[in-house]
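Okay, structure first, notes after.
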Amino acid sequence: MQRKILVSACLMGHAVRYDGRAKPLLHPVIETWRSEGRLVTICPEMSAGMMVPRPPAEIAEAATGEEVLAGTARVVELTGADVTEEFLLAAKNAVALAREAGCRYALLIDGSPSCGSDFIYDGTFSGRKRAGNGVTAAALKADGVEVYSDREIERLIDRVAQ
């Protein structure tokens with residue numbers, strides 16, 4: 001059985017990031033996986049009805065996606081608007097799609113308050129990074145999906161080949 005991979009839409013070249021841009025991951029394996037039908041694309045925020053472009057958002061007070069899922073942290077936009085509910089819905093949608101499509105792995109853009117899996121920003125909108133998971137990455141991991149950042153593509157290639 002073919003191992004499916006949930007992948008951030010921005011990595012596939014879709015202009016869905018908060019700033020209206022894409023961040024395509026240029027790697028030969030992406031086209032191979034696409035032609036094999038392995039890739040399942042999602043922008044969690046757009047699946048939750050968020051617009052493009054939109055104000056940047058971060059998990060407040062140096063918290064993590066796990067804390068947002070537990071109800072002890074919030075996701076806020078630079079404007080001060082609370083978008084926690086949208087990010088929770090985004091995570092729920094990503095988990096549902098991963099289950100429905102049979103995705104064992106996820107390849108997500110790092111740094112995002114939704115998709116970050118190696119690092120996220122510290123909630124001060126100052127550009128400072130910290131180790132941690134975004135809300136969607138945390139939810140997928142909790143559901144048993146192996147999550148890899150865009151910078152871990154080689155590790156994912158090795159894992160999928162096993």
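Numbers here simply count residues along the sequence, with the first being 1.
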Test item: Cys43 and Cys10 side chains (from C-beta on) under 4.5 Å apart, heavy atoms: no
Test item: His27 and Ile157 side chains (from C-beta on) under 4.5 Å apart, heavy atoms: yes
Verdict with reasoning, Val160 to Trp33, per side-chain contact (heavy atoms from CB on, under 4.5 Å): CA-CA 10 Å; Val160 169; Trp33 286 342; 4.2 Å; yes
Trace of the side-chain contact (heavy atoms from CB on, under 4.5 Å) decision for His14 with Met46: CA-CA 11 Å; His14 300 277; Met46 288 201 63; over 6 Å; no
Enumerate, atom names and distances included, each donor-acceptor pair closer than 3.5 Å involving a side-chain atom of residues 16-25, sequence neighbours excluded.
from: Asp19; atom 1: OD1; to: Arg21; atom 2: N; distance (Å): 3.1

All side chain to side chain contact (heavy atoms under 4.5 Å, CB included) counterparts of Arg34, not counting sequence neighbours: Met12, Ile30, Glu31, Leu39
From Leu11 atom CG to Ile109 atom CD1, the distance as rounded to the nearest 0.5 Å: 4.5 Å
Ile120 reachable from Leu88 in the ILVMFWY side-chain graph, under 4.5 Å edges: yes
Heavy-atom side-chain contact between Lys141 and Glu146 under 4.5 Å: no
Point-to-point distance, once rounded to the nearest 0.5 Å, from OG1 of Thr41 to CG of Leu107: 10.0 Å
Contacts of Ser35 that satisfy side chain to side chain contact (heavy atoms under 4.5 Å, CB included) - sequence neighbours left out: none
Residues forming a side-chain hydrogen bond (donor to acceptor under 3.5 Å, both in side chains) with Glu36, sequence neighbours excluded: Arg38
Inter- and intrachain pairs under ring-ring contact (aromatic ring centres under 6.0 Å, His included), touching residues 96-119, at least two apart: Phe119-Tyr121
Sequence neighbours excluded - side-chain hydrogen bond (donor to acceptor under 3.5 Å, both in side chains) pairs with any residue from residues 109-120: Asp110-Arg151, Ser114-Thr136, Asp118-Arg151
side-chain hydrogen bond (donor to acceptor under 3.5 Å, both in side chains) pairs, two or more places apart, involving residues 42-57: Ser47-Asn93
Remaining members of hydrophobic cluster (4.5 Å side-chain criterion), Phe125: Val76, Leu78
Test: Arg128 and Asp122 ion pair at under 4.0 Å: yes
Set of side chain to side chain contact (heavy atoms under 4.5 Å, CB included) partners for Glu66, sequence neighbours left out: Thr64, Asn133, Ala138
Members besides Leu89 in its Ile/Leu/Val/Met/Phe/Trp/Tyr cluster (side-chain heavy atoms under 4.5 Å): none
Remaining members of the apolar cluster that contains Val40, side-chain heavy atoms under 4.5 Å: Leu6, Ile42, Val95, Leu97, Leu108, Leu140, Val145, Val147
Step-by-step side-chain contact (heavy atoms from CB on, under 4.5 Å) determination, Asp82 to Val75: CA-CA 6 Å; Asp82 187 319; Val75 183; 5.8 Å; no
Contacts of type side chain to side chain contact (heavy atoms under 4.5 Å, CB included), residue Glu86, not counting sequence neighbours: Met50, Val83
